[in-house]
Amino acid sequence: MPTAPTLELRRYSRLKNLRARAERQGAALQFWARTASLAVISCFFSLISRWDASLLFVLAGLVLFQLVGLIQFLFARRRTARWWIGYLVGTLDIILLTVLLITPNPFSLEVAPAAMQLREGSFKFLLIFVCLGALTLSTRLALYLGALAASTWAIGVG
């Protein structure tokens, strides 16, 4: 009959493995949610926009988002995934989105004042990445992404 400490260690190890598997499944869910949303956004912009360099700039930004998500997905599938990959990918996502939301499209024929970039409340899109980070079941990652989103938006507006 196993002793209490041995039983506790086995139980702890089993729970740790279950949590790691749930985090990998959450990362996979995050990737597929990202893929579906980027596909819908790409179709939307392709249907309503004129095909020119401005649209290609937007589509290139969406491809960058998908590539960053693919990198995270490939690392998350491994059992020995590094803990910092989620932080790196989240940082890249939030910085890329902030840059795309605040800076005007360089190929756009219409030049809107800088204040119009901020008036629409596009900062809400940053919350999507905070929610996607929460799908990985890591509280620290979700809190980090929330703080990063707030700080990058504040820096961008400033």
Item checked: Heavy-atom pair with the smallest gap, counting every atom of Gly61 and Leu96 -> O-CD2, 4.3 Å
Next item on the list: Answer with yes or no whether the hydrophobic clustering places Leu143 together with Val89; edges join I, L, V, M, F, W, Y residues whose side-chain heavy atoms lie under 4.5 Å apart.
Entry: no
Next item on the list: Determine whether Leu145 and Trp84 fall in the same hydrophobic cluster, where Ile, Leu, Val, Met, Phe, Trp and Tyr are linked whenever their side-chain heavy atoms lie under 4.5 Å apart.
Entry: yes
Notebook entry, point to check: If Ile, Leu, Val, Met, Phe, Trp and Tyr residues are connected whenever their side-chain heavy atoms lie under 4.5 Å apart, and connections chain through other members, are Leu64 and Leu38 in the same group?
Noted result: yes
Check: Taking Asp52 for the side chain and Leu55 for the main chain, is one N or O donor matched with an acceptor at less than 3.5 Å?
Finding: yes
Checklist line | Contact check, side chains of Leu62 and Leu59, non-hydrogen atoms, under 4.5 Å | finding: yes
Item checked: hydrophobic_cluster_shared for Trp51 and Leu47, side chain cutoff 4.5 Å -> no
Item checked: Phe57 atom CZ: more than 12 heavy-atom contacts under 6.0 Å -> yes
Next item on the list: Could I get the full list of salt bridge (charged side-chain N to carboxylate O under 4.0 Å, His left out) partners for Arg14, not counting sequence neighbours?
Entry: none
Margin query: Quick check for you: to the nearest 0.5 Å, what is the distance between Leu100 atom CG and Ile95 atom CD1?
Written below: 12.0 Å
Notebook entry, point to check: Do Tyr87 and Leu141 touch side chain to side chain, with heavy atoms closer than 4.5 Å?
Noted result: yes
Notebook entry, point to check: Got a second to check how far Gln66's CD is from Ile71's CD1, nearest 0.5 Å?
Noted result: 10.5 Å
Check: Once you round to the nearest 0.5 Å, how far does OH of Tyr12 lie from CG of Leu7?
Finding: 15.5 Å
Next item on the list: Verify, without hydrogens or angle tests, whether Thr35 (side chain) and Phe31 (backbone) share a donor-acceptor contact under 3.5 angstrom.
Entry: yes
Margin query: Can you confirm whether Ile94 sits close enough to Trp153 that some side-chain heavy atom of one is under 4.5 Å from a side-chain heavy atom of the other?
Written below: no
Next item on the list: Determine the sole option in Leu126, Ile155, Val157, Leu148 for which the side chain to side chain contact (heavy atoms under 4.5 Å, CB included) test with Thr98 is passed.
Entry: Leu126
Next item on the list: Write down the atom of Phe107, the atom of Ser54, and the distance for their closest heavy-atom approach.
Entry: CB-N, 3.6 Å
Margin query: Whether the side chain of Arg34 engages the backbone of Phe65 through a donor-acceptor N/O pair (distance < 3.5 Å, no angle test) should be reported.
Written below: yes
Item checked: Heavy-atom closest contact (Leu92 atom, Val68 atom, distance) -> CB-CG1, 4.3 Å
Check: Phe45 and Leu101: same hydrophobic cluster, using ILVMFWY side-chain contacts below 4.5 Å?
Finding: yes
